[in-house]
Structure formats: C-alpha cells, structure tokens
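Just so it is clear, the values below take in all heavy atoms, side chains as well, and ignore hydrogens, waters and symmetry mates. Protein chains get the first letters and strands the later ones, always in sequence-line order, with residue 1 at the start of each. Because the structure is a prediction, the values reported are computed rather than measured.
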2 protein chains.
Amino acid sequence: MSKYIESEVVVNVISIHNKIQKRIGGALSAHGIGLTEYLVLNQLYNTPTQKMRRSDLAERIGLSPSGVTRLINPMEKIGLVAKEDNPRDARVSLVTLSAAGKQVYEEAQVTFAYASVALFEPFEINQLSAFSELLKVVS
Amino acid sequence: MSKYIESEVVVNVISIHNKIQKRIGGALSAHGIGLTEYLVLNQLYNTPTQKMRRSDLAERIGLSPSGVTRLINPMEKIGLVAKEDNPRDARVSLVTLSAAGKQVYEEAQVTFAYASVALFEPFEINQLSAFSELLKVVS
DNA sequence: GCGACATGTTTGAGTAAGCAAGCATATAGA
DNA sequence: TCTATATGCTTGCTTACTCAAACATGTCGC
C-alpha cells in the first residue's frame, strides 16, 4: 500500500480514532457528556488540586484556548465545573471540578473503561502496555 | 492514572490523533488539500479501478455520506476527482480519480510520509510494524 | 511609575462535519 | 403491474471546533 510503515501507522491511527469517537463518544452520551468533555473531567480529576488554568487545559486536551472557552461554558452552567479567579493574576481563570462533576466523572469512567476494553478486546495486556508506552512517547 | 490499560491507550490514541491532525494536516496544506481529502485520494489511488461509490468511500474513510458529498463537491470543482454514473444503477454516483488528482496525490504522498516519519521518529521499524498490525486488527 | 511588549481569555466569523428529512431509483411481493 | 420497502445521495439545520482580533492584565527596562 504505502512505501513507509509510518504512513500506514498514521492512516491506521486515524481510522481507530474514528471508531473511538463513535463508540466511546456514543457510550458517554448516556452520562450527558461528550468525549471532549470527558477529557476535561479526566484532566481535572487527575490533577492534585483538581483545578487548572484554561490554557493549560487547552494544551492538555489538544484544543485551542477558544475551544476551551466554548466547551467549558455549558459545563459550568450545568454545574460540572466552576470558575475561580487566581488572586495572584487576574488574567487567568481557573477551572475547578465540582462535586457533581466528580461524580459524573467517576460514573463515566466506568463506561469509558468498558467501551475501551471492548474496542481492544482482541489484545493481550502486554501488547497493550507496549503500545501505550509507544504512544506516550510520541505524545 | 487509570485502572484499565485500555482506557489509557484510548486517551493516548486521541492525543496522538491531535498531533496528526495538526502536523500532517498542516504539511498537506502545501498541496492545497486537508487530511480528509488526502484520505479520499489515498482510497481512490489504491483501488484497482480508481473509482468508488460515495457510500463505500464514506465507509472507508469513516465519514457520513453527507460528509462525503460536502467534501467531494469542492474536490470535483478543482478537478481532483470526477463524478461518473453507474449505468446499472442510477442511484449511485461513482467518484473517480482524475489525472490531476493522481498527480496531487503522488506529490502529497511524499509529504505525508515525511511528516509521518517525523512523528514516529523515535521508533524502530519492528516496533512500528507490530503497532501497525495491532491497529489494523482493531480497525 | 510609564511605555512597550507579553500573556490569558473571550468574541466574531468561518469551516468541517453530523443527523434527520427529502428525493430518486431499485427490488420484491401480491 | 402496482404498491411497499429498501438503498443511495443530497439538503437544511445544528454542533464543535479553528483562527484572528480584541481586550484585560501583568512585567520589564528605563
């Protein structure tokens, strides 16, 4: 098909990303959130303080700053996250995980894990670990 | 971070897909096409007849049928592909790769390969092959 | 302490897609 | 042969983003 194995890998990653989007995104809709919103909750949950600057969040989940603004506003309205000011720097706006957000995340995490396992069903743990390490380096 | 390795893999795939989108998509813009358009050309190029039904194309590149319509129309206008009727069935509309489209693809393929290699720079061929096989199965 | 540049966020306008509905054609059953 | 249903594509409307510009605040050199 292609001269370089790397090109092939890229095409395959795109393809699997489509499936992730459809299957996992679909599964998460049961919790009233989309895949990108899940990633936000995931980041906040796994941050010691459970709060983060909008631009850092953008960086972490691969969104533009304006994308974060538009994503977070509705999440704030339904109470999953809250806005907080940084007393040291009035430019920044911290996003914090609310109790409700935490709960939704913990529930959604289970769904996410199930759907992920289903997707990678045919593989062994050690294959997946190797895979994961590889991806982490590229990221 | 997460209880299941599979969840971790999914998050990492999403993350690398962001990079693919940005780096490879950016690189392809030098040829006047985006990543999705590249995938269309790639499919057509690698099909024996170099023509394909719109719905099959949609399936192959993970787009909805309407997405294909909206993607192909401009490509047809600039002459990368052409529309062809199926004499056996007037419902279907075949997409064919034009000579110009073929040329653009062959040039873009080089860019795509370079960018892909750059992305996976730190890895060995055999790691990547294993990786690629794994992805192919999931796909 | 003030001007110039740097950083963080939001807003306005545009783009790429999805879903659901519509339209055209094909096929199968009575 | 007509009617019902299935299939393929496109269109209208909505959503999730992006980029560039605007705006607000912070910092540095003098």
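- Here NE2 of A:H17 is found 6.5 Å from CG of B:N18. Values are rounded to the nearest 0.5 Å.
- B:E76 places its CD atom 13 Å from the C1' atom of D:dC9, with the value rounded to the nearest Å.
- Following rounding to the nearest Å, B:L35 (CG) and D:dC17 (P) show an atom-to-atom distance of 17 Å.
- To the nearest 0.5 Å, atoms CZ (B:R60) and CZ (B:R53) are separated by 12.0 Å.
- Among the heavy atoms of the strands lying under 4.0 Å from A:S55 are primed sugar atoms or P, OP1, OP2 only; no base atom is included.
- Side-chain proximity of B:R70 to D:dT18, D:dT25, C:dA17: nearest is C:dA17.
- The separation between B:N86 atom CG and D:dC9 atom C1' is 13 Å, rounded to whole Å.
- D:dG8 atom C1' lies 16 Å from atom CE of B:M52, rounded to whole Å.
- Contact annotation: A:K83 side-chain N/O to C:dG8 OP1/OP2 distance is not under 4.0 Å.
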Candidate pair A:F112 and A:L35, rule side chain to side chain contact (heavy atoms under 4.5 Å, CB included), full reasoning: CA-CA 9 Å; A:F112 188 93; A:L35 192 50; 4.0 Å; yes
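- Across C:dT10, C:dG18, D:dG8, the shortest atom-to-atom separation from the side chain of A:P65 is found for C:dT10.
- Dashed line: the shortest gap from a side-chain N or O of B:R53 to OP1 or OP2 of D:dG8 is under 4.0 Å.
- Put simply, the side chain of B:R91 and the base of D:dT7 share a donor and an acceptor less than 3.5 Å apart.
- Note on the helix from C:dG1-D:dC30 to C:dA30-D:dT1: angle between the axes of the first and last five pairs equals 20°, rounded to 10 degrees.
- Distance alone, capped at 3.5 Å, places no donor-acceptor pair between the A:S15 side chain and the A:V11 backbone.
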Evaluate side chain to side chain contact (heavy atoms under 4.5 Å, CB included) for B:L41 paired with B:M75, printing each intermediate quantity in order. CA-CA 10 Å; B:L41 298 178; B:M75 291 179 76; 3.8 Å; yes
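- Judged by closest nucleotide on DNA chain C, A:D56 is the one of A:D56 and A:K22 placed further toward the 5' end.
- Per the geometry, CG belonging to A:D85 stands 12 Å off C1' belonging to C:dG8, to the nearest Å.
- Residue A:S93 has its side chain nearest to C:dT9 when only D:dT10, D:dC17, C:dT9 are considered.
- The nearest whole Å value for the distance from the CD1 atom in B:I61 to the C1' atom in C:dA16 is 12 Å.
- Residues A:A90 and A:T36 each lie close to DNA chain D; by heavy-atom proximity, the contact nearer the 5' end of the strand is made by A:T36.
- Here D:dT27 presents its P atom at 6 Å from CG of A:D89, a figure rounded to the nearest Å.
- Closest to the side chain of B:R54, out of C:dT9, D:dC17, D:dC9, is D:dC9.
- Side-chain atoms of B:S66 stay outside donor-acceptor range of the base of D:dC9, with no qualifying N/O pair under 3.5 Å.
- Remark: the backbone N or O of A:G79 is paired with a side-chain donor or acceptor of A:S98 at under 3.5 angstrom.
- The interatomic distance linking B:L71 (CG) with D:dT10 (P) rounds to 12 Å, in whole Å.
- Between atom CZ of residue B:F120 and atom CD of residue B:Q127 there is a gap of 11.0 Å, rounded to the nearest 0.5 Å.
- Taking only distance into account, the side chain of A:R88 never meets the base of D:dG26 through a donor-acceptor pair shorter than 3.5 Å.
- Within the 3.5 Å criterion, the main-chain N or O of B:R88 finds a donor-acceptor partner in the side chain of B:N86.
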